[in-house]
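What follows is a single structure, written as structure tokens, with notes after it.
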Amino acid sequence: MKLQNHRLTFGLIIALALFPFALSWLTGEPIDSGTPKFWQGMLAQVFILAVYAVSYDLLMGYTGILSFGHALFFGAGGYTAGILLKHAAWPLWAVVLAVIVVAVILGLFIGATSLRVQGVYLTMVTLAFAQMMFVLSEATDFREWTGAEDGLQGIPVPAWLSPTQQRLMFYFVSLAFCVFSYYLVRRVTQSPTGRVFIAIRENELRARAIGYNTFLYKLLAMVASGVLAALAGMMNALWNLNANPNMLATSTTINALLMTIIGGAGTLSGPMIGAAFIHLLGYGLNTAFGPRWPLLFGLAYVGIVLFLPYGFVGAWRSLIARMKAKRA
Amino acid sequence: MPISRYREVGKICTHMTNILETVALTRDFGAFRAVDGVNLQVRQGSLHSLIGPNGAGKTTLFNCISAVLKPTAGRVRYDGRDITNMPLHRMTGLGIGRSFQITNIFNNISVIENVRLAAQARYPKQSYQFWRHADDLPEYEARAAQALAMVGLAGRERQIAALLPHGDKRKLELAILLAGDPKLLLLDEPTAGMATEQVPELMETIERIRADGNRTILLVEHNMHVVMRFSDRISVLHQGRILAEGKPDEIRSNDEVQRAYLGGGF
Ligand SMILES: Nc1ncnc2c1ncn2[C@@H]1O[C@H](COP(=O)(O)OP(=O)(O)O)[C@@H](O)[C@H]1O
Ligand SMILES: [Mg+2]
């Protein structure tokens, strides 16, 4: 069972690595233009969103913390990277470090203030923080630095990673980013610490009563998921060559929630599938139906929640279990 | 006298002293005083029962002792130290284990993982090792399996806890406690909701747990036959106050207790 899972993961990674070449061969177009280039871009965005979804799954699916402020980390990563690249001309490695440091500080601060309360109060406190950042990003006082409501345009991405000039490179960097993040979070969730996260999700009072300082564990989950979300936000800004207030909007948090629930919370692979589903279905519906697509998407979402309450992965697992039971 | 001899004297002394002591412990809910100046002494190694009608304040008293609730006033002393207002997660480290009147387990994970988590909790530093695989620390799982066998749940390890029958969930509660290797167990109606014929078996398990580890047990229990048979001492709580305290015989023959609680049946 375990080996089989690994085989599936490795197979998928290899298939994704070969995908640009296969598509170029199939369409007869060069790998750095036309259809192959377009789909490399689509998938690179999926990889970035998948990391964002996984980061939310660590917080919500594993630790049971329903934060409505996750966009704050995504946006903070985007703006930190954008400002340092554009206004300070920092090298990329230093920008990555800065994004991590900013996310750790934000995670500690927001965690220390919001994790003392529970349930809907925590949700409201995190939402308030994200809204504050959203307002700040639109503030005209900092237009020079942030571009206010227009966003920070024209982020100078290093030439070797340019999403427009070096699309294939960007594709592989995004893929590596996604694989690495998945591996990291998977390890954490299977570690002694990750088991405590799950215990907190299941019954926080009991976890405390058997001796875990649950506040510290929740803080750890918040910081770790914040760092990943911020890195995903940074990648998103590099892809778009801009950072804009929309990255900090509540809809961006809800997007994480949707991807996680559609795919199956607490499964890691589920939210990644959810990210692919939302991004690709969104594209498909948009091409087919134009600007009315969110309406159709809403209907699809309601259908999934009604008929697959544990998401794609949950449905898949219960199907397997039922088939096994039938055979036995 | 060599130092070691002093230690020995000390040991003998603690043997006869109280492992747990509350001093004028009080807890209010708004204007209502649920626990009212309780002075309770629990002797090292004893099985001490706390009885009293519903609403007497037994669970609230437990909550104040085990740091689930902060007392409004009064102190809690355990093993010679003042533990009033200590955070809940420090209790296991001190050797205090607590079970709950309403089943309180990790529902959607396996039975063994429920207990393994409690075994792992005794080593907080190891629990922060986020780069190691939990399965690389097999000693916790071994300890958990041992605890499950002790309460009679061997063979149920891989089941999801929520799907256990009620009686087995109560046993699982005990196993979770046991995995933390407590010196003092606070058991709040461990037999609540169990079929009558299962009660003696569980009580015998509790007795075994006490005897094996030289542990002390403070027990809330409604079944009077069980209480009279197993207790070394009994405290009767009524409207937040200790009404009487003594050996089972003394409690049985206490008129005041008869009137307030036992209704003349014993
Ligand atoms: N959280 C609470 N808020 C308000 N009143 C409470 C609370 N917990 C218990 N009480 C009240 O305190 C009294 C004692 O309750 P409890 O300790 O549960 O009694 P017992 O365990 O002896 O049945 C009851 O009258 C109960 O209604
Ligand atoms: Mg009670």
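By convention in this document, chain letters (A, B, ...) are assigned in the order of the sequence lines, proteins followed by strands, and residues within each chain are numbered from 1.
Inter-residue side-chain proximity for B:Gln120 and A:Val196 is flagged as met; some heavy-atom pair is nearer than 4.5 Å. By the 4.5 Å heavy-atom criterion applied to side chains, A:Arg195 and B:Arg116 are counted as neighbours. The shortest distance between side-chain heavy atoms of A:Pro192 and B:Phe130 does not fall below 4.5 Å.
Across every non-hydrogen atom of A:Ser191 and B:Trp131, the tightest pair is CB-N, 4.4 Å. Residue A:Tyr212 comes nearest to B:His89 through the heavy atom pair O-CB, 3.2 Å, listed as atom of the first residue, atom of the second, then distance. Nearest heavy atom pair, residue B:Ile176 against residue A:Ile210, reads CG2-CG2, 3.6 Å. A pairwise comparison of heavy atoms in B:Ile109 and A:Glu202 identifies CG2-CG, 4.4 Å as the closest pair.
For residues 93-107 of chain B, the set of pairs meeting the side chain to side chain donor-acceptor pair (under 3.5 Å) definition, not counting sequence neighbours, comprises A:Asn203-B:Asn104, B:Thr59-B:Gln101, B:Asn63-B:Arg98, B:Ser66-B:Arg98, B:Gln101-B:Glu189, B:Thr103-B:Arg170.
Legend: residues meeting side-chain contact (heavy atoms from CB on, under 4.5 Å) with B:Arg90, ordered by chain and number and at least two apart, are B:Arg81, B:Met86, B:Pro87. Take A:Arg206 and apply the side chain to side chain donor-acceptor pair (under 3.5 Å) test, not counting sequence neighbours, and it matches B:Glu173.
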task: Tell me, with the steps shown, if B:Glu113 and A:Ile198 meet side chain to side chain contact (heavy atoms under 4.5 Å, CB included).
output: CA-CA 10 Å; B:Glu113 179 66 6; A:Ile198 294 172; over 6 Å; no
field: Verdict with supporting geometry, A:Arg208 and B:Met91, side chain to side chain contact (heavy atoms under 4.5 Å, CB included)
entry: CA-CA 9 Å; A:Arg208 268 166 60 206; B:Met91 292 291 130; over 6 Å; no
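Only the side chain of B:Leu137 comes within less than 4.5 Å of a heavy atom in chain A; its backbone stays farther off. In this structure, chain B has no heavy atom under 4.5 Å from any part of A:Ala224. Neither the backbone nor the side chain of B:Tyr140 comes within less than 4.5 Å of any heavy atom of chain A. Using a 4.5 Å cut-off between heavy atoms, B:Ile105 contacts chain A through its backbone alone, with no side-chain atom that close. The contact between B:Gln126 and chain A is made entirely by backbone atoms, counting heavy-atom distances below 4.5 Å. Both the backbone and the side chain of A:Leu205 come within less than 4.5 Å of a heavy atom in chain B.
Around atom OH of A:Tyr310, no more than 12 heavy atoms belonging to other residues, nucleotides or ligands sit under 6.0 Å away. Within a 6.0 Å sphere centred on CD1 of B:Ile102, heavy atoms belonging to other residues, nucleotides or ligands number 12 at most. More than 12 heavy atoms of other residues, nucleotides or ligands shown are found within 6.0 angstrom of CZ on B:Arg122. Atom OH of B:Tyr128 has more than 12 heavy atoms from other residues, nucleotides or ligands within 6.0 Å. No more than 12 heavy atoms of other residues, nucleotides or ligands shown are found within 6.0 angstrom of OH on A:Tyr121.
No other option in B:Ala67, B:Ala179, B:Pro182, B:Ala118 has as many heavy-atom pairs under 4.5 Å with chain A as B:Ala118.
Residues of residues 102-120 of chain A never come within less than 4.5 angstrom of chain B, heavy atom to heavy atom.
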